[in-house]
Colleague: 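Sharing a structure below in structure tokens format, with a few things to ask.
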Amino acid sequence: MQGIAIYPGSFDPITNGHVGLIRRGLEIFDRLVVAVASNRVKDALFDVDERLEMIREAVNGDPRVEVTSFTGLLVDYARSRNVRVVIRGLRAVADFEYELQMANMNRKLYPSIETFFMMTAEDYFFVSSRNVKEVASFGGAVDALVPAGVARRLRAKLAQPPER
Ligand code: PNS
């Protein structure tokens, strides 16, 4: 297959699961737009610029990957970029309902959009941005789960002051 797809998400922060999906997406599509949703979220740990920087580091300047952000509806952004394909990773049954709703809502809003789902590699089935943040916040090791720059930033941001 050829063409371009959007890979949207919160990426707060990007994990190795996301990186694997980008790599596999590039075996199917010529180019990917990795798009960080910059709508206000109360409990975001990293601001949008930090998230973009971590993604750019993780894709290591691959010219096939554009790393950007959008506000508002994904379908409006996709339409403005003239892109019809969205890719999303599916980890488990728990993701399914949310993803099904989102894909159907997006199709209702923009009938020519198509969502492609890829199963997350089994090594990262249990990895989410949320649980990586939780583990890191309690001092657990996340180095095997996220790119090196993300692990470093998590440590810097979540380092607990030593108890007295
Ligand atoms: O990584 P996430 O948090 O699962 O990604 C969700 C995301 C950002 C893809 C989704 O919330 C989104 O597209 N937000 C933009 C607003 C929008 O279009 N909402 C309608 C979807 S039903």
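Predicted, not measured: the structure shown is a model, and the values here were computed from it. We count ligands from 1, going down the list as the structure has it; atoms in each ligand are counted the same way.
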Colleague: Pick, from Leu73, Thr71, Asp76, the option with the minimum heavy-atom distance to atom 20 (C) of ligand 1.
Modeller: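 The nearest heavy atom belongs to Leu73.
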Colleague: Quick check on contacts: which atoms of ligand 1 are under 4.0 angstrom from a heavy atom of Ala37?
Modeller: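 Answer, ordered by atom number: 8 (C).
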Colleague: Heavy-atom contact check, 4.0 Å cutoff: does Tyr77 meet ligand 1?
Modeller: no
Colleague: Just list the side-chain donor-acceptor pairs under 3.5 Å for residues 107-121, sequence neighbours left out, or say none.
Modeller:
residue	atom	partner	partner atom	Å
Arg107	NH2	Asn104	OD1	2.6
Thr120	OG1	Leu90	O	3.4

Colleague: For the side chain of Asp12 and the backbone of Ser129, is there at least one donor-acceptor N/O pair under 3.5 Å apart?
Modeller: no
Colleague: Using modelled atom types and a 3.5 Å cut-off, is there a donor and acceptor pairing between side-chain atoms of Glu99 and backbone atoms of Phe96?
Modeller: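 No, Glu99 side chain to Phe96 backbone: no donor-acceptor pair under 3.5 Å.
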Colleague: Using a 4.0 Å cutoff against the non-hydrogen atoms of Met105, which atoms of ligand 1 qualify?
Modeller: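 Here the atoms of ligand 1 in question are 22 (S).
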Colleague: Return the option from Met102, Arg88, His18, Glu99 holding the heavy atom at the smallest distance from atom 4 (O) of ligand 1.
Modeller: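 Checking each option, the heavy atom nearest atom 4 (O) of ligand 1 is found in Arg88.
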Colleague: Please state which protein non-hydrogen atom is closest to atom 18 (O) of ligand 1 and give its distance, to 0.1 Å?
Modeller: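 Protein heavy atom at minimum distance: Leu74 N, 2.8 Å.
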Colleague: Does the protein come close to atom 12 (C) of ligand 1 - that is, does one of its heavy atoms sit below 4.0 Å from that atom?
Modeller: no
Colleague: For atom 6 (C) of ligand 1, which protein heavy atom lies nearest, and how many Å away is it?
Modeller: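 It is Tyr98 OH, 3.4 Å.
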Colleague: Going by the atom numbers of ligand 1, which of them fall below 4.0 Å from some non-hydrogen atom of Gly72?
Modeller: 15 (C), 16 (C)
Colleague: So is there a nitrogen or oxygen of Gly9 less than 3.5 Å from a nitrogen or oxygen in ligand 1?
Modeller: no
Colleague: Indicate, as side chain, backbone, both or neither, the part of Ser10 found under 4.0 angstrom from ligand 1 when only non-hydrogen atoms are considered.
Modeller: both
Colleague: Asn39 heavy atoms, cut-off 4.0 Å: which ligand 1 atoms fall inside?
Modeller: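 Answer, ordered by atom number: 15 (C), 16 (C).
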Colleague: I'd like to know if the side chain of Asn39 and the backbone of Thr71 have a donor-acceptor N/O pair within less than 3.5 Å.
Modeller: no
Colleague: Without swapping roles, check the side chain of Arg56 against the backbone of Val67 for a donor-acceptor pair under 3.5 Å.
Modeller: yes
Colleague: Working note: Val127 + Asn16, criterion side-chain contact (heavy atoms from CB on, under 4.5 Å); need CA distance, chi angles, decisive distance, verdict.
Modeller: CA-CA 8 Å; Val127 178; Asn16 286 347; over 6 Å; no
Colleague: Using a 3.5 Å distance criterion without hydrogens, assess whether the side chain of Asp76 forms a donor-acceptor pair with backbone atoms of Leu73.
Modeller: no
Colleague: Against Ser38, only a single residue in Val48, Thr68, Leu52 fulfils side chain to side chain contact (heavy atoms under 4.5 Å, CB included); can you say which?
Modeller: Val48
